[in-house]
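This report refers to the structure that appears directly beneath it.
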Amino acid sequence: MKKSDTLNLFAADAQRGVSTTSTKAMGRAGSTIGSTDAETLWSQCLMIIRDNVSDQVFKTWFEKMRPVKWDGSTLTLELPSHFFFEWIEQHYASLLNKTVQKVLGPKSKLQFEVVVDENAATPSQRTVKLPALRGASQPALPFADGKPQSVPQAQRTTQVTHYPTFFNPRYTFDNFIRGENNQLASSAGIAVADNPGKTKFNPLVIYGPTGLGKTHLVQAIGNRVLQRNPNARVLYTNSEKFTMEYINAIQTNKVPEFTNFYRGVDVLIVDDIQFLGGKEKTQDMFFHTFNALHQEGKQLILTSDKQPKDLADLDERLISRFQWGLITDVQPPDLETRIAILQQKSMEEGMDIPGDILEYIGRHVTSSVRELEGCLISLLAKVSLDNRELTLELAKDVVRGVSSSAMARTLTIDEIKKEVSAYYSIEPTLLSAKTRKHEIVLARQMCMYLAKQLTQTSLKSIGMHFGGRDHTTVLHSCQQILNYIDTDRKVRQDVEFLKKALRG
């Protein structure tokens, strides 16, 4: 049996808070009077505590407290380290005292025995530093009608001066071009930025293919929150960074610090949540972080390249929680929006570009906003650095040399509808009608199949383009075309021809 010194740390009653005194104590064998009663009473306390903290907090801190003795007025608990005691004192003193008073009586007291192992390594190896972002004590646990009420897991009274935010100041709503492709997402973003955590859009999940402005939008939200409230704790990160930080925390024994850092924010923005797929431990940590923040009324904002329910290897618990708020998509911009983006970007660069050049770029670069801006920057670079004349011919050269969409453009559903309706010689408007004529139904099903195959549009969005039909109708249509491909030579040829035409 290891030799150990025991440091007695006495916690006074709730009116005085938790304080410490140091004395030598006997080993476990000499301090177990009333240990059975202590275990019973402490179990009753744990039932209340469990309802007022997250599972992670409960397992990390409260499950590691061991009841030692109950002498009729004082409950003695053994803690694994002095640091452990300091953390409990700072964060959960009131919760502990009020719980003990409720279970053991108003005059009851707490006493802690902290065992210090003489053979342990240096303090830095057996303790975890208190996170720099913490500074407030846990508020007293209120009781009403004899029942414990939930309390926030952490409340802060001071603001840390240098809190990392990781926002690009250039990403604002002022230079974010709004169009039909992002109308709902941008409107929801402004509402969230003006009243974080207080709208029904919590979490706000924005999804869509890469390069369409999701990062600009969510960073604009963060910048607006900080503009309106400079003391707000707003953090932008992505799932890869979250994963690497969590792995590092495990390797350096700093999981509590990692946990409390992320649970200390007012607004958490996580980009590209699709990369959480398949990472079970990281998903579990994010699940508990999500729960803790949501329960405290903090705002969560997430982005993804697909609708959450379509993401592979993502825990159903997470998907269900993402659906608590608003899930909205960002689509490729239409021609008018693309031209507006180019105009805005050229103004920012201090260049006056003729309308015909902007329209040419807008018509031929359709895959993403990022590629659209890249072509414009390349054009301006040739003019300013190579002393080339700004002409339409120069713009065509840049588009051919830079834009992959000049050869393999991103399709829109409207383009698919136009191509299919022309192929089957029907009016495009009939594709959204309720008619059940075979030729119309086949053309509609063909459009839905091609939209699913050739675009990254969600099933729900595809259905909305065809008279507001739901995602199950889209799935049924796709399956029907697959069945035709296996059994009907004519339809199989139709599919091959239309794919080739659309891709060309």
Side-chain angles (χ1 to χ4, degrees), residues 49 52-62 83-84 86-96 127-141 150-167 192-193 195-198 202-204 218-219 221-226 228-239 241-250 252-271 273 282-302 321:
I49 292 170
N52 288 277
V53 298
S54 69
D55 290 341
Q56 183 69 29
V57 168
F58 186 81
K59 292 178 181 179
T60 301
W61 302 106
F62 294 97
F83 164 76
F84 196 101
E86 290 175 347
W87 186 271
I88 292 296
E89 179 186 38
Q90 184 177 6
H91 293 84
Y92 302 108
S94 294
L95 173 61
L96 270 171
T127 62
V128 179
K129 291 182 180 180
L130 287 171
L133 299 177
R134 282 297 189 257
S137 297
Q138 183 77 5
L141 177 66
S150 295
V151 297
Q153 295 168 23
Q155 293 186 357
R156 303 170 300 280
T157 58
T158 59
Q159 170 67 23
V160 177
T161 304
H162 301 292
Y163 185 80
T165 57
F166 309 111
F167 288 110
V192 164
N195 204 8
K198 302 299 189 297
N202 194 18
L204 173 61
V218 297
Q219 290 227 356
I221 296 173
N223 282 321
R224 188 179 178 106
V225 171
L226 289 171
R228 294 171 62 87
N229 179 13
N231 291 325
R233 293 182 172 184
V234 188
L235 177 65
Y236 169 84
T237 188
N238 57 57
S239 60
K241 188 171 185 289
F242 182 90
T243 300
M244 295 308 298
E245 289 177 350
Y246 179 47
I247 292 172
N248 184 62
I250 295 174
T252 58
N253 295 320
K254 293 184 179 180
V255 172
E257 181 176 333
F258 169 88
T259 299
N260 287 283
F261 171 77
Y262 273 95
R263 296 185 189 186
V265 302
D266 299 311
V267 179
L268 177 60
I269 302 172
V270 183
D271 224 343
I273 59 170
T282 304
Q283 286 187 45
D284 188 60
M285 171 57 71
F286 188 74
F287 170 80
H288 291 297
T289 300
F290 182 103
N291 277 352
L293 291 173
H294 196 275
Q295 289 169 7
E296 291 182 28
K298 308 305 181 184
Q299 181 68 48
L300 294 118
I301 303 167
L302 313 170
R321 277 153 179 77

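Model, not experiment: these values are computed from the prediction.
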Interatomic distance, [X] atom [atom1] to [Y] atom [atom2] [nearest 0.5 angstrom]:
X	Y	atom1	atom2	answer
Thr252	Ile247	OG1	CD1	11.5 Å
Glu245	Lys254	CD	NZ	12.5 Å
Leu302	Asn238	CG	CG	12.5 Å
Phe258	Asn248	CZ	CG	10.0 Å
Gln299	Ile221	CD	CD1	8.0 Å
Tyr236	Lys241	OH	NZ	10.5 Å

With the side chain counted from C-beta on, respond yes when [X] and [Y] share a heavy-atom pair under 4.5 Å apart, and no when they do not.
X	Y	result
Val265	Lys298	no
Phe290	Pro203	yes
Leu96	Phe62	yes
Met285	Val255	yes
Arg263	His288	yes

Indicate the atoms forming the closest heavy-atom contact of [X] with [Y], along with that distance.
X	Y	answer
Ile269	Val218	CD1-O, 3.4 Å
His294	Asn202	NE2-O, 3.0 Å
Val267	Pro196	CG2-CB, 3.8 Å

Counting N and O atoms only, with roles assigned by atom type, does the side chain of Asp266 sit under 3.5 Å from a partner on the main chain of Val234, one being a donor and the other an acceptor? no
Strictly distance-based, threshold 3.5 Å: is any side-chain N or O of Asn223 a donor or acceptor partner for the main-chain N or O of Gln219? yes
Do the rings of Tyr262 and Phe242 sit parallel, tilted or perpendicular, given the 30° and 60° boundaries? perpendicular
